[in-house]
Amino acid sequence: MLLSIQLQREFGALLLAAVAACVAWEDGDVWDYDGHKLKDSDFLALWPLPQKVQSSAVSFQLSASRFQFTHAEGSSAGSDCSILQNAFRRYFDYIFGFTKKDRDQRRRNAAGSEVLELQVAITSPDAECDGFPSLTSDESYELSVDQPSAVLKAPKVWGALRGLETFSQLVYEDAYGARNINKTGVSDFPRFAHRGVLLDSSRHYLPLKVILANLEAMAMNKYNVFHWHISDDQSFPYVSRMFPDLSQKGSYHPYTHVYTPADVKMVIEFARMRGIRVIAEFDTPGHTQSWGFGQKDLLTPCYTGSSPSGTYGPVNPILNTTYDFMAGFFKEISTVFPDAYVHLGGDEVDFSCWKSNPDIQKFMDQQGFGKDYSKLESFYIQRLLDIVSSTDKGYMVWQEVFDNGVKLKMDTLIHVWKGNEAQYQAEMARVTGAGYRTLLSTPWYLNRISYGQDWRDAYKADPCNFTGTDAQKKLVIGGEACLWGEYVDASNLTPRLWPRASAVAERLWSDQGVRDISDAYVRLVQHRCRMVERGIPAEPLFTGYCRHEYSGV
Amino acid sequence: MSSRCNLRFLIPGLALLLGGVPSVLAVWPQPQQIRNSAERYSLSARAFLFKHADVSAVRSGCDVLDQAFTRYFTLIFPESGGGAHNRYFWTEADPFTVEVNVAEGPCDGYPAEGSIENYKLTVSPGQAVLTSVTVWGALRGLESLSQLVEQDDYGAYYINKTEIEDFPRFQFRGLLLDTSRHYLPLQAILKTLDAMAYSKLNVFHWHIVDDPSFPYQSRKYPDLSKKGAYHPFTHIYTQTDVRRVIEHARLRGIRVLAEFDSPGHTQSWGNGQPSLLTPCYRGDVPSGTYGPVNPILDSTYVFMANLLKEVTSVFPDSYIHLGGDEVDFSCWKSNPDIKAFMKKMGFGSDFTKLESFYMQNIVNISTMLNRSSVVWQDVFDYHEINRPRYVVEVWKWGCYLCEVRRVTKAGLKVILASPWYLDLPGPTHDWARYYNVRPLAFKGTEEQKKLVIGGEVCMWGEYVDATNLSPRLWPRACAAAERLWSDEVQTSSVDQAFPRLTDFRCRLLRRGIQAEPLYVGHCKNEYQGI
């Protein structure tokens with residue numbers, strides 16, 4: 001009875017989920033079948049915690065030689081749905097990992113309390129098997145584990161992927177090494193639609209393998225956006241078809257330290273298979289030193305006194321050639337990256353070089369900008385936004401673009417990254433007050449490390465903690481964990497990111513009321529061991545051990 | 001949007017912007033004397049030979065050198081695949097020959113306190129001559145030699161004309177791993193030993209047991225790991241494992257210093273050894289919890305003597321680390337038997353006296369077993385009169401050099417660890433902090449300074465296991481390694497060290513050591529794992 005009432009309320013909530021994440025709906029409480037409230041960690045380490053879980057002590061076995069994933073009758077997805085077919089293989093491996101064969105067939109009890117299959121039913125007419133995930137993708141799902149069949153229902157494949165992850169997390173190894181799962185009901189959907197991880201492949205080049213492994217880990221944490229900060233001052237590893245000199249001359253090495261079109265395609269497809277969007281960032285007009293090597297006259301020549309100093313500053317905003325280049329470049333980007341959004345950067349522009357350049361000064365006079373170089377920056381960004389709009393893409397920008405008063409389309413996403421807690425909360429209020437959608441990163445700069453359990457700070461931060469109306473809070477679409485690359489490369493990226501990014505993942509997925517830090521600790525310890533078992537070198541939270549330690553030394 | 005937290009390091013970083021990492025002709029840690037010349041000789045894996053000098057006291061059949069030749073061949077020519085190269089020697093007319101001349105045998109021994117690690121290396125046309133007193137010095141020289149070999153833009157190997165005369169500033173250059181807070185798979189330990197050899201560190205301090213777990217599988221007391229390890233089969237070190245670590249270390253000239261820390265830090269011991277730990281009381285009744293080792297029972301000392309006897313038979317080093325740090329007195333205070341004992345001994349209510357009493361007994365056991373004891377500074381601090389001869393490891397923060405001064409003034413040897421707690425806070429780029437340490441910058445006599453036998457990098461395990469150990473250790477531990485090996489005046493500049501260390505870090509990556517970056521940039525061969 002209780003279950004059905006709650007489910008009803010949740011179906012109502014589902015429709016709102018994508019936009020109403022900040023409006024508290026329902027505690028993420030967990031109930032047993034007798035209606036007793038359980039402590040979340042009493043039974044299983046689900047991470048991030050689903051919106052609603054009902055579990056019982058009744059357990060079933062799973063046999064590696066008999067268990068199957070199947071497409072339910074009436075499902076709009078079938079064996080031609082490569083996203084699901086691939087996911088079935090992946091999750092079979094996760095679930096049965098070390099034992100592809102049953103350890104002890106004879107132990108099977110005659111009563112046959114065994115889950116023989118997980119039926120996956122995509123309930124809406126278009127499963128989106130061949131599509132790409134988007135900001136509005138429906139990721140909700142319902143899972144019912146019983147014998148002999150467990151059933152996973154989701155409107156779209158994206159929700160099915162999330163449900164498969166949850167299903168795999170419900171499976172546990174008993175003392176005999178056999179796989180078990182308890183009778184369970186899960187009804188789940190994300191609190192926020194945009195749950196991202198930023199990786200920086202410019203400060204250090206990240207081999208493809210590292211990016212793919214982290215996409216795997218993201219899927220384990222129900223992340224759905226890979227924000228690829230692909231270029232910056234230090235190097236330009238993206239191989240452009242139209243402007244090959246950019247990477248030829250601007251990467252650390254033109255063959256070993258670049259992402260070819262095939263690499264990029266592979267990342268996008270690998271991500272799609274896991275319901276993860278790839279949002280590329282090509283940050284301008286600052287953070288572009290590396291662009292200058294392969295694109296003559298793109299950057300502003302700096303002057304010492306009246307002669308060029310030989311160094312270069314931000315993109316030169318006063319030349320038509322600049323905009324011709326940007327139009328060509330972003331046209332290519334819009335075809336390479338299928339996502340509806342592209343991140344245009346716009347942060348930390350250093351004005352000193354512009355100030356030194358006489359042509360720029362003249363232009364400032366002509367335009368009537370006076371000495372206000374942020375007006376010049378706005379002038380550039382404005383034209384860039386128009387160019388990108390013409391490619392039918394939406395855009396994300398760092399908060400400075402908003403702060404500087406650039407005229408933005410109303411569908412622009414403002415990425416908040418600066419300041420202390422009070423400052424970012426005020427910024428969130430300002431951005432949403434102006435009617436823009438926003439996402440938060442300030443408390444989730446995971447490249448910053450300190451001694452001890454700093455995952456707790458990440459866990460405690462909440463994007464909706466600011467003063468504003470419900471309407472404003474609805475404009476918060478989520479957040480991103482950022483791992484900037486100054487001190488990070490393949491050698492230390494993965495353990496630095498995980499499981500600290502898992503803390504952020506739960507904040508962005510689970511109900512606002514899921515905040516108990518000691519409960520989270522217990523679950524996260526187990527979740528990190530699960531990641532380790534799946535081959536992700538996620539670092540420990542504190543003293544202790546995992547049954548299967550990391551063996552990739 | 002990126003954090004710009006440390007401007008100081010942007011400056012050396014900027015020099016490297018986009019230009020890639022310049023190849024720095026350098027050896028890490030910096031040799032005492034090195035003369036490079038621009039003259040270079042090309043090397044080929046098919047014409048390269050290690051041989052023993054005719055006058056050398058050590059010949060073929062010396063496993064330390066035989067194995068080192070194989071190892072360094074592969075390190076020098078990483079693309080050769082190593083292995084079956086021997087047969088090529090005779091197909092080439094004039095192989096480049098590395099002649100090794102060791103003055104003294106033997107080579108089946110263990111590196112020890114006072115082992116001489118000096119060496120001389122001369123690289124000239126067609127040959128390199130490496131002279132040393134012991135095989136351990138030869139190992140250090142081979143390491144330097146391997147670091148002199150570079151690859152040009154065409155991938156061809158070459159070495160520059162060079163003369164090196166080198167010796168360590170400190171004889172004790174250690175690295176501590178903690179296998180109790182988290183179990184470290186054998187592979188992680190062996191890999192760390194490899195990396196230690198690359199940085200010329202020579203003591204592996206194995207903090208093998210502690211409160212959370214007891215992974216050492218004792219022959220005499222198997223219950224200790226059976227009941228005290230995280231898992232009695234998968235999370236332990238068997239005798240074979242321990243032997244393997246010791247042998248792997250020996251072949252690299254590394255001592256293994258085992259630590260069995262007591263009387264505190266022993267919670268995990270209690271599971272497998274009933275009545276070893278002090279029962280704590282609440283009021284008049286035992287609370288069911290346990291404190292430090294019970295220092296008032298004869299059975300305790302019988303047990304400790306047996307255990308240490310076994311330990312000294314397993315670990316050949318002449319040092320044994322007895323711990324003695326951070327003893328929490330509250331449990332002792334609660335126990336009526338302890339209180340009665342205190343009274344009997346006339347200790348009053350000064351529990352540091354009780355700890356000193358205990359440690360005195362343990363040190364005596366170790367002395368009877370012919371071992372030099374190493375203890376954490378707490379033991380020295382508590383015990384002011386009639387101190388036995390032990391080596392004091394200084395680990396506390398604050399004015400650690402004041403403590404070094406006090407200990408040396410008392411005529412005792414010191415190992416310095418305080419400034420090298422690598423598990424402590426701080427982002428990667430704080431390596432300079434470990435580099436700028438000056439271990440002898442205290443007021444004291446020459447005699448006192450000689451008593452500082454070295455220092456040690458500590459990687460405590462609360463937040464570290466196999467997933468993150470390597471990048472957290474390397475290359476930051478390299479900074480300490482240079483401080484402990486090299487001349488302090490020659491290596492006083494962080495800015496000069498930066499490009500060298502950046503280069504060395506890439507070399508570590510090339511050798512499969514998961515060393516993290518110092519700052520933005522790239523290596524020709526990036527780390528290939530995840």
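Quick caveat: nothing in here was measured; it's all calculated off a predicted structure. In the text below, chain A, chain B and the rest are named by the order of the sequence lines, each starting its count at 1.
B:Asp465 and B:Thr467 share a donor-acceptor pair across their side chains, judged by distance under 3.5 Å alone.
Residues meeting the side chain to side chain donor-acceptor pair (under 3.5 Å) test with B:Asp194, sequence neighbours left out: B:His248, B:Arg252. For B:Cys458, the disulfide (SG to SG under 2.5 Å) test picks out no residue, with sequence neighbours left out.
In this structure, the portions of A:Gln453 lying under 4.5 Å from any heavy atom of chain B include both its backbone and its side chain. Only the side chain of A:Pro207 comes within less than 4.5 Å of a heavy atom of chain B; its backbone N, CA, C and O stay farther away. Proximity to chain B involves both the backbone and the side chain of A:Lys209, based on heavy atoms less than 4.5 angstrom apart. With a 4.5 angstrom heavy-atom cutoff, B:Ala515 touches chain A only via backbone atoms. A:Leu212 does not touch chain B: none of its heavy atoms, backbone or side chain, sits under 4.5 Å away. With a threshold of 4.5 angstrom between heavy atoms, A:His257 approaches chain B through side-chain atoms but not through N, CA, C or O. Only the side chain of A:Val532 has a heavy atom closer than 4.5 Å to any heavy atom of chain B.
No donor-acceptor distance shorter than 3.5 angstrom exists from the side chain of A:Ser251 to the backbone of A:Ser235, with no hydrogens or angles considered. Within the 3.5 Å criterion, the main-chain N or O of A:Leu206 finds no donor-acceptor partner in the side chain of A:Ser201. Between the side chain of A:Tyr205 and the main chain of A:Val258, a donor-acceptor pair closer than 3.5 Å is present.
When each of A:Ala213, A:Ser551, A:Gly452 is checked for heavy-atom pairs under 4.5 Å with chain B, A:Gly452 comes out on top. Your options are A:Gly552, A:Ala538, A:Cys482, and the one with the most heavy-atom pairs under 4.5 Å with chain B is A:Ala538. Counting heavy-atom pairs closer than 4.5 Å to chain B, the top-ranked of the candidates A:Pro495, A:Ala490, A:Gly544 is A:Gly544. For chain A, the option among B:His182, B:Glu526, B:Gln528, B:Gln514 with the highest count of heavy-atom pairs below 4.5 Å is B:His182. Taking A:Gly286, A:Cys546, A:Gly346, A:Gly535 one by one and counting their heavy-atom pairs under 4.5 Å with chain B, the maximum is reached by A:Cys546.
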Evaluate the criterion salt bridge (charged side-chain N to carboxylate O under 4.0 Å, His left out) for residue pair B:Arg181 and B:Asp423; output intermediate values, then yes/no.
CA-CA 12 Å; B:Arg181 266 66 175 233; B:Asp423 59 315; over 6 Å; no
With side chain to side chain donor-acceptor pair (under 3.5 Å) as the test, would you mind laying out the steps for A:His415 and A:His343 before giving the verdict?
CA-CA 9 Å; A:His415 200 161; A:His343 202 303; 3.1 Å; yes
